[in-house]
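Here the structure comes first, spelled out in structure tokens, and everything after it is commentary.
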Amino acid sequence: MSLKVCKFGGTSMADGNVIAEIKKIIDADKARKYIVVSAPGKRYSGDIKVTDLLYGCFKELQKDGQCKNKFSLVRSRFEDIARQLNLSLDMKAVLDETEKRILEERSADFIASRGEYLSARIAAEVLGAKFIDAEQVIFFNESGSLDGEKTNKAIQAALSGVERAVLPGFYGKGCDGKVKTFSRGGSDISGALVARAVNASLYENWTDVSGFLACDPRIVESPKRIKCLSYKELRELSYMGADVLHSESIFPVRKANIPIQIKNTFRPDDEGTTIVPTSRYVLSGNTVTGIAGKKNFTVIFIEKSLMNSEIGFVRKVLSVIEDLNLPVEHIPSGIDTMSLVISSDALDDVKLNAMLEGIKNSVEPDVIRVIDNIALIATVGHGMSSSVGTSARLFKAIAEADINIKMLDQGASEINIVVGVKNDDYENCIKAIYAEFFG
Ligand code: ASP
């Protein structure tokens, strides 16, 4: 039997009118049984998301010992929603209780989580569904990461025999018994955890866009929509900045082979994008599925004659990086050269100098050079591995746009070619690749 878990993002919860639309969506399909919601997002450009208002409450609390001013903004957002929906829920009492708990708990995570909590209370009321608090079913372990097994069992137990339920996204309980949140955008992960626990036939992720686009619409006007993506392609694209879904949200559903469908709450009849297990992926005929990228990386270029025959060279370089707790994005290498690509945000002057000194001392390179202001662009697609000449087309398109490639990395899976170019060439490079493969 088909069973769907639906996650509604912030813009789908932004005001009473959209929440009424959600009710229509849920009522239209009996399979849509379990619903995960985010905190209300922006109603118009320039508006403030409830989660950001709540982080503001935490700041006010730290500064003044109370958060009356900022909480009054949160209060009026939810009171407006309750009024628009004509709820029988006593919203004032729920908000009073929430404010009281905020003053007792006083942690940033607890305060931030209240947007989802209040959203879910409202959605449960509107949908005539059981409210299940994420505190009771999502657990983190001592290291602060998700306790997958405990969570899975708790969700299964809580939902067993329940016809329709609403759960707040974004948070769970830490092993100290306190509320703990995922990173920003983490309601996607909560939705995926519920989908896995109930072995859903589909995880529907309702947003304000009709799916993934082949590249950033701020760079290319009206790029093509991607109808179908594999988990692997999604991981590559969302890691590189395509931000429709939280990049960690796919792991729980991927494990259980559950497809994800990105849908648009404001255009529910649009087909959206379906993300399927790689084994079920059918080539669409397109060589490239999508293009994504990010600016601001630093490349550390290292050269030493006979590097390839010096046993332990790479390990020594990487231990310097590890000791400084720096994340490395890519390590392109040649016979006598290797480069480390690191996000510039992670590198301040002190860390950079410590890294350069450390590498000089441990491997005595002939040359070590720092190249900054680099943008990385990933061209992704299963079709790339089966079509001959894809890299040639890619490089020719970039060369014809008069852009110099500073770095290159092609993973062994052949579904992703990453090029590094100057930050200033970023937009033009994406345009050139798009024109070549989709134009
Ligand atoms: N409300 C949280 C955020 O703004 C989590 C989410 O929306 O998924 O990041």
Side-chain angles (χ1 to χ4, degrees), residues 5-15 18-19 22 34-59 70-71 73-75 77-78 81 98 102 105 107-124 131-135 137-138 140 144-146 151 155 166-174 179-196 203-209 212 234 238 241-253 260-266 275:
V5 169
C6 303
K7 180 254 162 178
F8 288 92
T11 40
S12 311
M13 294 298 299
D15 65 30
V18 210
I19 299 175
I22 291 182
Y34 303 128
I35 297 111
V36 172
V37 293
S38 286
K42 294 183 183 184
R43 291 158 293 183
Y44 44 84
S45 103
D47 193 15
I48 306 177
K49 290 169 87 168
V50 164
T51 308
D52 292 320
L53 292 176
L54 287 162
Y55 281 117
C57 286
F58 176 65
K59 278 204 182 128
K70 289 282 190 245
F71 194 75
L73 301 175
V74 175
R75 195 178 265 282
R77 279 294 297 266
F78 284 104
I81 293 177
T98 303
I102 285 179
E105 300 277 344
S107 80
D109 279 18
F110 179 80
I111 299 175
S113 73
R114 293 306 88 184
E116 272 68 15
Y117 169 80
L118 293 165
S119 251
R121 292 290 306 267
I122 292 177
F131 167 78
I132 294 177
D133 199 340
E135 265 187 81
V137 291
I138 292 188
F140 296 90
S145 47
L146 180 86
T151 297
I155 299 176
V166 175
L167 296 91
F170 190 40
Y171 71 94
K173 194 187 268 183
V179 163
K180 180 173 163 49
T181 61
F182 290 108
S183 57
R184 294 298 303 265
S187 301
D188 284 339
I189 307 175
S190 316
L193 291 169
V194 175
R196 178 179 76 143
Y203 171 28
E204 286 184 342
N205 195 294
W206 291 83
T207 63
D208 56 358
V209 291
F212 268 88
L234 170 71
S238 54
D243 60 359
V244 178
L245 266 185
H246 191 293
S247 68
E248 286 165 34
S249 64
I250 57 171
F251 293 111
V253 274
I260 310 173
Q261 193 169 24
I262 311 286
K263 296 278 286 176
N264 187 347
T265 307
F266 303 89
I275 300 140

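Whatever order the structure lists ligands and atoms in, that order sets their numbers, starting from 1. Computed from a prediction, not measured in an experiment: that's the story for all the values here.
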Using distance alone, determine whether A39 and ligand 1 share an N or O pair under 3.5 Å.
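A39 vs ligand 1: no N/O contact under 3.5 Å.
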Output yes when the distance from some N or O of ligand 1 to some N or O of K7 is under 3.5 Å, and no in every other case.
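Between K7 and ligand 1 (N or O atoms, distance only) the closest approach is not under 3.5 Å.
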Could you identify the single nearest non-hydrogen protein atom to atom 4 (O) of ligand 1 and state the distance to 0.1 Å?
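The protein heavy atom lying closest is R184 NH2, 2.9 Å.
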Nearest protein heavy-atom contact for atom 6 (C) of ligand 1: which residue, which atom, what distance?
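So the nearest neighbour among protein heavy atoms is S187 OG, 3.4 Å.
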Not counting sequence neighbours, which residues clear salt bridge (Lys or Arg N to Asp or Glu O under 4.0 Å) with D47? List them please.
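Salt bridge (Lys or Arg N to Asp or Glu O under 4.0 Å) list for D47, sorted by chain: R43, R77.
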Between Y34 and Y203, is the ring centroid distance below 6.0 Å?
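When the ring centroids of Y34 and Y203 are compared, they turn out to be at least 6.0 Å apart.
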Output field: ring centroids Y117/F131 closer than 6.0 Å
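Yes, close enough.
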M13 side, atom CE; S187 side, atom OG - distance, nearest 0.5 Å
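So the CE of M13 and the OG of S187 are separated by 10.5 Å.
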Within reach of ligand 1, part of E116 (heavy-atom separation under 4.0 Å)
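Under 4.0 Å from ligand 1, E116 contributes side-chain atoms alone.
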For ligand 1, the portion of S38 having any non-hydrogen atom under 4.0 Å away
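Under 4.0 Å from ligand 1, S38 contributes side-chain atoms alone.
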Heavy-atom contact under 4.0 Å between G185 and ligand 1?
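It does; at least one heavy atom falls under 4.0 Å.
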Could you tell me whether ligand 1 has any atom less than 4.0 Å away from a heavy atom of G186?
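Yes; G186 lies near enough to ligand 1 that a heavy-atom distance drops under 4.0 Å.
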Out of all atoms in ligand 1, which are within 4.0 Å of some heavy atom of K49? Include the element for each.
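It comes down to these atoms of ligand 1: 4 (O).
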